[in-house]
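Inspection log for the structure reproduced underneath, given as structure tokens.
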Amino acid sequence: MSFQRYVALGDSFTEGVGDNDPTRPNGLMGWADRVALHLASQDPEFTYANLAIRGRKLLGIIDEQVEPALALEPDLISIHGGGNDVLRPKVDIDAIAARYDRAVARLQSSGAHLVMFTMFDPGPGGIYGPVRGRFALINEWIREIADTRDVTLVDMWRMRREDLRGLMDADRMHLNSAGHQFMAMQVLDRLGVAHDLAPLPPTPIPELTRREALARNARWTKEFLGPWVHRRLTGRSSGDSIVPKHPTLDRIG
């Protein structure tokens, strides 16, 4: 496949949180930028927009980003969402999946090719363990939508050969640079786009004593989990003061 006008929709995953680059808008690179850079290297007419904003729930992505994306008349659209929904105390997954399906149909009506994503398997332990079933349920809805609508699906849930620990940022919520590079490679592979992207070295996984692990977890709770919980309790979002890093179609380099 070949594309000339790519628009990325979503939350922190697509904005690129965890892949820090102070030379780029919002101080982030991310897998979508990496995909766009490769596509731009193949075609001087290629342009790219990224409307994703961290912290957005799925309905916010649909309400705020779908119509602006369509106004740009892209021929390639990626959309990811739902992670911020399943982590809330209450969520009606069936209802948001129905809205997701309608949004995908709306995006497809433009004639653009779509890419969707399931979410990773958080496993039975850790802070995500209690909501693992929610991840599985929304992923099954996403697979059904992708199958019904003939959408390219990047199924992160089934990527079990990779050690996610080495691909995760220190906040344990987002991909690091190696993870974003890995995801860019997956997207290009699923689209059938030849590329020479190579894996980046994953973060080494240290062997810790029990005491060291407890101290590490305490730091993580203070620096990341605590602020995240506080935002949930106060109705705030990490994306409240953030604007899209590439709001209009343009060259990327």
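Basis for what follows: all heavy atoms, side chains included, without hydrogens, waters or symmetry-related copies. Count residues from 1 along the sequence.
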Please check: side-chain N/O of Gln65 versus main-chain N/O of Gly10, any donor-acceptor pairing under 3.5 Å?
yes

Side chain of Arg149, backbone of Ala105: donor and acceptor closer than 3.5 Å?
no

Is Val193 reachable from Phe46 through a run of hydrophobic residues whose side-chain heavy atoms are each under 4.5 Å from the next?
yes

Determine the minimum heavy-atom distance between Ala178 and Pro201, stating which atoms define it.
CB-O, 3.6 Å

Is the distance between the ring centroids of Phe117 and Trp157 under 6.0 Å?
no

Does Phe135 offer a backbone N or O that forms a donor-acceptor pair with the side chain of Asn139 under 3.5 Å?
yes

Check the pair Asp250, Thr47 against side-chain hydrogen bond (donor to acceptor under 3.5 Å, both in side chains), reporting the backbone distance first and the verdict last.
CA-CA 5 Å; Asp250 204 349; Thr47 53; over 6 Å; no

Flag, side chain of Asn84 to backbone of Arg56, donor-acceptor distance under 3.5 Å
yes

Hphob cluster co-occupancy, Ile142 + Val66, side-chain heavy atoms under 4.5 angstrom
yes

Return yes if a side-chain donor-acceptor contact under 3.5 Å exists between Thr23 and Asp21, otherwise no.
yes

Determine whether the aromatic ring centres of residues Trp31 and Phe13 are separated by less than 6.0 angstrom.
yes

Would you kindly confirm whether Leu249 and Leu9 end up in one hydrophobic cluster when ILVMFWY residues are joined by side chain heavy atoms under 4.5 Å apart?
yes

Is there a path of hydrophobic side-chain contacts, each under 4.5 Å between heavy atoms, that joins Met173 and Leu28?
no

Please check if any side-chain donor atom of Ser12 sits under 3.5 Å from a side-chain acceptor atom of His174, or the reverse.
yes

Would you say the side chains of Gln4 and Asp43 form a donor-acceptor pair under 3.5 Å?
yes

Can a salt bridge be assigned to the pair Arg99 and Asp63 using a cut-off of 4.0 Å between side-chain N and carboxylate O?
yes

Can you confirm whether more than 12 heavy atoms, excluding those of Gln42, are under 6.0 Å from its CD atom?
yes

Applying side-chain contact (heavy atoms from CB on, under 4.5 Å) to Ile96 and Leu59, what does each step give before you reach the verdict?
CA-CA 7 Å; Ile96 65 173; Leu59 299 188; 4.2 Å; yes

Any link between Leu72 and Leu114 through a network of hydrophobic side chains (Ile, Leu, Val, Met, Phe, Trp, Tyr) touching at under 4.5 Å?
yes

Under the criterion salt bridge (Lys or Arg N to Asp or Glu O under 4.0 Å), I'd like the reasoning laid out for Asp19 against Arg34: C-alpha separation, chi angles, the key distance, then a yes or no.
CA-CA 10 Å; Asp19 190 8; Arg34 293 173 182 272; 2.9 Å; yes

Between Asp33 and Lys245 (salt bridge meaning N to carboxylate O under 4.0 Å), is one present in this structure?
yes

I need the Arg132 CZ to Leu137 CG distance, nearest 0.5 Å.
14.0 Å

Is there a side-chain contact between Asp85 and Arg134, using heavy atoms and a 4.5 Å cut-off?
no

How about Asp196 and His38: does a side-chain donor come under 3.5 Å of a side-chain acceptor?
no

Say you draw a straight line from OH of Tyr100 to CD of Glu144; how long is it, rounded to the nearest 0.5 Å?
14.0 Å

With side-chain contact (heavy atoms from CB on, under 4.5 Å) as the criterion, how do Tyr128 and Leu87 come out once you've worked through the C-alpha distance, each side chain's angles and the decisive distance to 0.1 Å?
CA-CA 8 Å; Tyr128 302 121; Leu87 295 176; 3.7 Å; yes

CG on Asp94 to CD1 on Ile138, rounded to 0.5 Å:
10.0 Å

Kindly compute the distance separating OH (Tyr6) from CG (Leu39), expressed to the nearest 0.5 Å.
8.5 Å

Does any N or O in the side chain of Arg5 come within less than 3.5 Å of the main-chain N or O of Glu73, such that one atom is a donor and the other an acceptor?
yes

Is Met168 close to Asn176 at the side-chain level, that is, under 4.5 Å between some pair of heavy atoms?
no

As an exercise, state the distance from CG of Leu153 to CD1 of Ile145, rounded to the nearest 0.5 Å.
10.5 Å

Do the charged groups of Asp121 and Arg158 touch, with an N to O distance under 4.0 Å?
no

Under a 4.5 Å cut-off applied to non-hydrogen side-chain atoms, are Met29 and Ser177 in contact?
no

Which atom pair, heavy atoms only, marks the closest approach of Met183 to Val154?
SD-CG1, 3.9 Å

So which heavy atom on Asp189 is nearest to which on His195, and how close?
OD1-NE2, 2.8 Å

Step by step, would you call His246 with Tyr48 a ring-ring contact (aromatic ring centres under 6.0 Å, His included)?
CA-CA 8 Å; His246 297 293; Tyr48 165 64; 5.3 Å; yes

On a heavy-atom basis, which atom in Ala112 and which in Ile77 lie closest, and how many Å separate them?
CB-CD1, 3.7 Å

Full working for side-chain hydrogen bond (donor to acceptor under 3.5 Å, both in side chains) between Asn50 and Glu15
CA-CA 7 Å; Asn50 188 322; Glu15 188 187 348; over 6 Å; no

Answer yes or no: is there a donor N or O on one side and an acceptor on the other, between the side chain of Asp11 and the main chain of Gly81, under 3.5 Å?
no

Is Asp75 close to His113 at the side-chain level, that is, under 4.5 Å between some pair of heavy atoms?
no

Is there a side-chain contact between Met116 and Val104 in this structure, where contact means two heavy atoms from C-beta onward sitting under 4.5 Å apart?
yes

Under 4.5 Å between any side-chain heavy atoms of Pro199 and Gln181, yes or no?
no

Basic-acidic side-chain contact under 4.0 Å: Arg106, Glu67:
yes

Identified side-chain contact (heavy atoms from CB on, under 4.5 Å) counterpart of Leu107 within the set Ile79, Val7, Val151
Ile79

So which heavy atom on Thr152 is nearest to which on Arg190, and how close?
CG2-CB, 3.6 Å

Find the distance between CD1 (Ile53) and OG1 (Thr14) and round it off to the nearest 0.5 Å.
12.0 Å

Does the side-chain contact (heavy atoms from CB on, under 4.5 Å) test come out yes or no for Met119 and His80, once each step is laid out?
CA-CA 9 Å; Met119 285 169 278; His80 173 275; 3.8 Å; yes

Taking the side chain as C-beta and beyond, is there a heavy-atom pair between Met159 and Phe120 under 4.5 Å?
no

Any side-chain heavy-atom pair from Leu188 and Leu197 closer than 4.5 angstrom?
yes

